[in-house]
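Quick note: residue numbers are just sequence positions, from 1.
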Amino acid sequence: MAKQPAATIQSLIDVQENPFVLIDREYRIVAANRAYHEAYGVEDRELLGHHCYEVSHHLESPCHLHGEDCPHQQVFNTGETHEVLHIHYDHGGQAEKVRILGHSIPGPEGEPLLGESIHRLATPRDEAACGNRMIGYSPVFLRAVEQLSRAADSQASILIEGESGVGKELAAQFVHARSPRREAEFVSVDCTTLTESLFEAELFGHEAGAFTGCIGRKAGLVERADGGTLFLDEIGELPLNLQTKLLRLLESGEFRRVGGREMLRVNVRVVAATNRRLLERVQGGDFRQDLFYRLACITVRIPPLRQRREDIPALADTLLNQVCLDNGRRCYLSRDALECLGRYDFPGNVRELRNVLQRAVTMSRDGAIGREDLNLCPDLPRENAAAARGAQQALPLREMEARHIAGLLDQHRGHRRRVAEDLGISERTLYRKLKEYGLS
């Protein structure tokens, strides 16, 4: 393997557009490019010589020991390029979704190094722009996020498929926030709530006197979305005659207001969503084939919650914090409640999970949410529910705190820094409590 001067190696990685790091066999970071420093706001002294799993994952051991697909292991063992989806943590401790392409690069002395090109799928700023975060760590969910990220840069129409309650509108907002149209409006239209006459008037607007009771001119939702994104929710419910009018807009960008003569033009990017298999509706004659292919240039399916159960603890934690903030209460989930949530199928998906937590917070007397408060698990006999609640209330304060910390450790997979942040204490204080309760 040919030797490369250190200066040449640095020049080689500095021309990379994406954040890029070089890592040795001992998991130590030996170089990082300018894009990495700019993206993560860190200096060489905070990177060089530090283990990659400490910097990127906030772990005390390599990520493959925690059940993750590790590019380090694959590249050094096989010498072949390896691509993975990961959760990384930025300098401020915020989680972000990334795609990593790892490959072997000869070091200054000819020794093999791991070169990692990092493609950021969703940064904390992106997720904040959506109002809610795209929360999930499971491979099936990360693949959907990667597809949405790649689609966001294009101007193509996107069809988002998924069961009711999986977060299709949130996914559409995610696409808009990452697209070149993010400075313009994101306009949402629920196709299930508008009649034929209302749909046309709301979508295209109307002129004065266009129909009985119409007083003045009104711009439609299409005009509001000009330059931005038009989100058509549950597009599969749109009647055939309205599908024709929508197709005309998609093909030419032209439309007329109801009662108007002037032909208007807009530049919108359409993202549609459906909880149905539209192709089956096309085959059944209920949906226009030409409209389907206009909408489904890129198709992304959001997985149901039962297919990504490992995401439930993180989702439940975030949703519970939101519910508690809305209700002015402080509640937490016991370990048996988390286990109960993990076993439930959630036919209503994330929307149902939020409703379950809303009900539990409302009904909880002392802030400790047990599985009987969730009203989900049939394996807890009703006659034992009151006894279980009484036993939970009778726990000593120390034992309640120990159980809460243990539950957070399970939820965050042993990441002590994140547990400390949730508890609002320092890592040193958390370490002392772990030792005190025998949880280390």
Taking Arg265 for the side chain and Ser252 for the main chain, is one N or O donor matched with an acceptor at less than 3.5 Å? yes
Specify whether Tyr40 and Tyr36 have parallel, tilted or perpendicular ring planes, treating 30° as the upper limit for parallel and 60° as the lower limit for perpendicular. tilted
For residues His82 and Gln73, determine if any side-chain heavy atom of one lies less than 4.5 Å from a side-chain heavy atom of the other. no
Please report the shortest heavy-atom distance between Pro71 and Ile100, naming the atom on each side. CG-CG2, 4.4 Å
Which heavy atom in Val166 sits nearest to a heavy atom in Pro303, and how many Å separate them? CG1-O, 3.9 Å
Output yes when a side-chain donor or acceptor of Asp153 lies under 3.5 Å from a complementary backbone atom of Arg150, and no otherwise. no
Within this structure, what is the CG-NE2 distance for the pair Leu59 and His64, rounded to the nearest 0.5 Å? 11.0 Å
Less than 4.0 Å between a side-chain N and a carboxylate O, is that true for Arg309 and Asp345? yes
Answer yes when Glu339 and Arg335 have at least one side-chain N-carboxylate O distance shorter than 4.0 Å, and no when they do not. no
Output, in order, the C-alpha distance, side-chain angles, deciding distance and verdict of side-chain contact (heavy atoms from CB on, under 4.5 Å) for Val175 and Arg269. CA-CA 11 Å; Val175 168; Arg269 200 261 186 94; 3.9 Å; yes
For the pair Asn33 (side chain) and Ile13 (backbone), establish whether a donor and an acceptor sit closer than 3.5 Å, ignoring hydrogens and angles. yes
Electrostatic pair Arg257-Glu262, nearest N-O below 4.0 angstrom: no
Looking at Val75 and Gly102, what are the two nearest heavy atoms and their distance? CG2-O, 3.5 Å
In terms of heavy-atom contacts, Glu163 and Pro347 come closest through OE1-O, 4.3 Å
Calculate, to the nearest 0.5 Å, the distance between atoms CG and CG belonging to Leu249 and Leu203 respectively. 6.5 Å
Looking at Arg28, is its backbone amide N or carbonyl O close enough to the side chain of His51 to form a donor-acceptor pair, meaning the two atoms are under 3.5 Å apart? no
Checking Glu46 side chain against Glu43 main chain: does a donor-acceptor pair fall under 3.5 Å? yes
Heavy-atom nearest pair, Ile312 first then Leu341, reads CD1-O, 3.5 Å
Carefully, step by step, assess Glu352 and Val356 under the rule side-chain contact (heavy atoms from CB on, under 4.5 Å). CA-CA 6 Å; Glu352 182 181 4; Val356 166; 4.3 Å; yes
Worked check of side-chain contact (heavy atoms from CB on, under 4.5 Å) between Cys52 and Val21: CA-CA 9 Å; Cys52 58; Val21 291; over 6 Å; no
Among residues two or more places apart or on two chains, list those pairs meeting salt bridge (Lys or Arg N to Asp or Glu O under 4.0 Å) that have a residue in residues 238-253. Glu200-Lys245
Donor-acceptor pair, Ser364 side chain versus Val361 backbone, under 3.5 Å? no
Do Thr362 and Arg329 pair up side chain to side chain, a donor and an acceptor below 3.5 Å, judged on atom types alone? no
Measure the shortest side-chain to side-chain distance between Ser149 and Phe174 over non-hydrogen atoms and say whether it is less than 4.5 angstrom. yes
Between Phe255 and Glu223, is any pair of side-chain heavy atoms under 4.5 Å apart? yes
Distance (rounded to the nearest 0.5 Å) between Thr192 OG1 and Leu238 CG: 10.5 Å
Minimum heavy-atom separation for Ala39 to Pro19, with atom names? CB-CG, 3.9 Å
Can you give each donor-acceptor pair under 3.5 Å made by side-chain atoms of residues 227-234, sequence neighbours left out, with the distance rounded to 0.1 Å?
from: Thr229; atom 1: OG1; to: His176; atom 2: ND1; distance (Å): 2.7
from: Glu234; atom 1: OE1; to: Asn275; atom 2: N; distance (Å): 3.0

Side chains of Gln173 and Glu169: closer than 4.5 Å at any heavy-atom pair? yes
When you measure from the side chain of Asp317 to the backbone N and O of Pro313, does any donor-acceptor pair fall under 3.5 Å? no
side-chain contact (heavy atoms from CB on, under 4.5 Å) against Arg224, all qualifying residues, sequence neighbours excluded: Glu185, Val187, Leu221
Quick one: do Leu295 and Phe287 satisfy side-chain contact (heavy atoms from CB on, under 4.5 Å)? Show the steps, please. CA-CA 12 Å; Leu295 294 170; Phe287 202 86; 4.0 Å; yes
Carefully, step by step, assess Gln155 and Arg181 under the rule side-chain hydrogen bond (donor to acceptor under 3.5 Å, both in side chains). CA-CA 9 Å; Gln155 296 295 331; Arg181 298 173 177 266; 2.9 Å; yes
Say you draw a straight line from CG of Leu101 to NE2 of His119; how long is it, rounded to the nearest 0.5 Å? 5.5 Å
Answer yes or no: is there a side-chain heavy-atom contact under 4.5 Å between Phe346 and Leu315? no
Do Thr81 and Glu83 come close enough that some side-chain heavy atom pair is under 4.5 Å? no
Say you draw a straight line from CE of Met363 to CD1 of Ile369; how long is it, rounded to the nearest 0.5 Å? 11.5 Å
Check the side chains of Arg294 and Ser157 for a donor-acceptor pair under 3.5 angstrom, ignoring hydrogens and angles. no
In terms of heavy-atom contacts, does CD of Glu60 have more than 12 from other residues, nucleotides or ligands at under 6.0 Å? no
At what distance, to the nearest 0.5 angstrom, does CG of Leu114 lie from CG of Leu22? 8.0 Å
